[in-house]
Amino acid sequence: MSSSTSVPPSSQVTASQGIETPSGHEPDARGHFGRYGGRWVPEALVAALEELETAYEKARHDPEFLAELDRLHRDYTGRPSPLTDVPKLSQHAGGARILLKREDLNHTGSHKINNVLGQALLTKRMGKKRVIAETGAGQHGVATATACALLDLECVVYMGEVDTRRQALNVARMRLLGATVIPVKTGSRTLKDAINEALRDWVTNVDSTHYLLGTVAGPHPFPQMVRDFHRVIGLEARAQVRERTGRLPTAVAACVGGGSNAIGIFHAFIDDPGVRLVGFEPGGDGVATGRHGATLSEGSPGALHGAFSYLLQDEDGQTAESYSISAGLDYPGVGPEHALLKDLGRAEYQPVTDAEAMDAFSLLCRTEGIIPAIESAHAVAGALRLGKELGPDAVILVNLSGRGDKDVDTAAKWFGMIGQDESAEAADGTAIAEGELATPTVGAEGERATPTVGAEGELATPTVGAEGATQQRAGSFAHPGSQTEGIQA
Amino acid sequence: MSERASDPSARSVADVFASCRAEGRGALVGYLPAGYPTVDEAVELLTAMAEGGCDLLEVGVPYSDPVMDGPTIQAAADTALRNGFRLRDVFSTVERVTAAGGNCVVMTYFNPVLRYGVDRFAADLAAAGGLGVITPDLIPDEADEWFAASDKYGLSRTFLVSPSSTDERIASTTAAASGFVYATSIMGVTGARDSVNSAAAEIVRRTRPHTSLPIGVGLGVRNGDQAAEIAGFADGVIVGSAFVSAAERGGPSAVRALAQELAAGVARAGLPQPA
């Protein structure tokens, strides 16, 4: 069932269609996608998961709920999000036509609001007054804090201490919105540990509290429900691409951490066998260095955070620490439906290194005037790679899942505009304006997932390591698209 | 099943609870993570807990993401992992503690078992003299492979029931269990608390009609009076974080003393009264 006839025009696509109309790719009654998914949770949470499942099943057939969701997404989120042709960027992608699905233009700055508004409305319906959430980059936390402010819910956000430092702007946004932000200081102090802490809170306060999980991972019904709230991305984009180009895309590119924006855009194309679905995972310093978060590319099946899926683990089943310059992708697990799509071969997953992502980041800034989230820059880098592979006749749809305001500090350090100890807000603007940018060492061509800096010793310190290496390899920002010698391992 | 060198009366978890009952009392169950603070010291600590009066020992598997555990056990697991604990060490720990006279079950988050291989894990645990496994994040719904392996090697399967469990869940969970049922007394993670929550008696009362298995109650117990209170209505009193804190404070002599205090509390209570 591909293409043609019954596709509604993009102007008629609504968010509620993603939950009201079954996708045709549902999990089994216990939430399994093939062997993946399910409920790998303490018994204490089962009653709450059953309550949520029941509430969701009821809501998706309730015209009042669907109308409220659509009203909010139209008037508050700003849906539908536009589709943007980026011809100058496309010149760097072998001439393939790249189209960006602009989830970065949603209210709160990313796709996360799609899921958050849906779950916040469900929370009200379940009669719960308190919402907890985990966040990595802070985008899900900001979206959750926003929805809670709008709908009068108490909001507590768990965020790894490493992430509160590298995404300070979003911490401030959450607090301005009235949320309590709890820096998590256990384990690797990133997203994985924020989820642990949120689960502990939920086990303790499950009667009064909804855990507003921000990705398509976790126990059933989260992977299905969160996916359905994000299906609007693909439903809109599919119609928009057809209207714009008269055809379906050759390939769809998205970044994959937990996998919510990717599943949201992939899902509308699963039954179009001619459309390649490619997820781009955080390759960090290169998968060969071991410092990465490429769960599907490098991981193995196991149970983490309530679902059976791929994860990064050692031979004893201890979760491995992930690494990415992108806080939102820095996670050693992934949603179970992606695990199934990988095993089926319906979607493919490739790592993109920090350096490739940052080159794509600078290129998109300079060529098209769009500052992407570093997460989304991984998808842009992937599209550049796909374009060269597929050639000038290809149409590549990219989910630009978030905007990059939150990443200005990280990017300014990467590109050598400020020192490693400085923050962009506090730095001397004159110095930034007049400063020299370092010589580029990594090409914008995006060498395929080879370690770009692996042999250099400065990567040992987790929280500052990658940033510490940036002075030398910075400057591709100064010369967007410059063809320099990639460092091959 | 394998021959047990130390205590020929206890070939199963059921035997442990039965022999306590024959003495007119409930069972004291003590938890400590294997490898805490090191593999050898944990063996010594667990042995001291058995000597002090723990009828059954829960040998914990340190895990990177213990979502059911509070700060005390999280920190202990971190210590064990930092000190080089490997999963295979749990089998040698069980073997050594069993040889010293303890009755051991393993308490583990399930991913390490999945990674090791469910059948292989069960085989190696049974060979080491382990009596069963408690699975805090495995519910019967996902346990098909574990049912087969535990049956094959004669290991007890302890699943948890919680105050939030529906009656239907309690029925299906206890039906799937063997050895004993673990009732979590409160909503929350592990950690010693000052008072025993009234929810503890309530969850035992709700579970009783669904099963003839002994019911152990855990989460929050730290002293002899609390142990006596729980032993008044439950068949087993499960103590974890308090043993970890005692080990940290005073090593084997402290955990032995705590076990003695708790065992006296359990004995004082006599057999559980019907709720």
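Order of the sequence lines sets the chain letters (A, B, ...), proteins ahead of strands, with each chain counted from 1.
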Scored by heavy-atom pairs under 4.5 Å with chain A, the best of B:Asp137, B:Leu138, B:Asp65, B:Thr184 is B:Asp65
Per-residue contacts, residues 167-183 of chain B versus chain A, heavy atoms under 4.5 Å
B:Arg169, B:Thr173
Which atoms of A:Ile195 come close to chain B, meaning under 4.5 Å heavy atom to heavy atom: side chain ones, backbone ones, both, or neither?
neither
Heavy-atom proximity to chain B below 4.5 Å, by part of A:Ser188
neither
Identify which part of B:Pro62 has an atom lying under 4.5 Å from any heavy atom of chain A, answering side chain, backbone, both or neither.
backbone
What part of A:Asp314 gets within 4.5 angstrom of chain B, counting heavy atoms only: side chain, backbone, both, or neither?
backbone
Checking B:Leu87 against B:Val61 for the side chain to side chain contact (heavy atoms under 4.5 Å, CB included) test, could you report, in this order, the C-alpha distance in whole Å, the side-chain angles of both residues, the deciding distance, and whether it holds?
CA-CA 7 Å; B:Leu87 187 57; B:Val61 171; 3.6 Å; yes
When you measure from the centre of the six-membered ring of B:Tyr116, is the NZ or CZ of B:Arg120 closer than 6.0 Å and no more than 45° off the axis?
yes
Is a donor from one side chain sitting under 3.5 angstrom from an acceptor on the other, for B:Asp78 and B:Gln74?
no
Applying a strict 4.5 Å limit to non-hydrogen atoms, the region of B:Val113 in contact with chain A is neither
Most contact-rich option vs chain B, by heavy-atom pairs under 4.5 angstrom, among A:Leu311, A:Leu199, A:Asp193, A:Asn196, is A:Asn196
A:Ser300-B:Arg115 side chain donor-acceptor pair, cut-off 3.5 Å:
yes
Gap separating the NE2 atom of A:His25 from the CD atom of A:Glu337, nearest 0.5 angstrom
8.0 Å
Side-chain ion pair, A:Arg166 and A:Glu161, N-O less than 4.0 Å:
no
Return the CD to NE2 distance between A:Glu134 and A:His140, rounded to the nearest 0.5 Å.
4.5 Å
How about A:His292 and A:Tyr323: does a side-chain donor come under 3.5 Å of a side-chain acceptor?
no
Between A:Ala47, A:Pro42, A:Ala48, which has the largest tally of heavy atom pairs under 4.5 Å with chain B?
A:Pro42
Donor-acceptor pair between B:Asn83 and B:Tyr36 side chains, under 3.5 angstrom:
no
Do we see a donor-acceptor contact under 3.5 Å between the side chains of B:Ser162 and A:Glu43?
no
Does any backbone or side-chain atom of B:Ser165 lie under 4.5 Å from a heavy atom of chain A? Answer side chain, backbone, both or neither.
both
Flag the one option from A:Gln318, A:Glu50, A:Arg30 with the top tally of heavy-atom pairs under 4.5 Å to chain B.
A:Gln318
A:Tyr310 six-ring centre to A:Lys342 NZ/CZ under 6.0 Å and within 45° of normal:
yes
Checking heavy atoms, do the side chain of A:Glu315, its backbone, both or neither come under 4.5 Å from chain B?
both
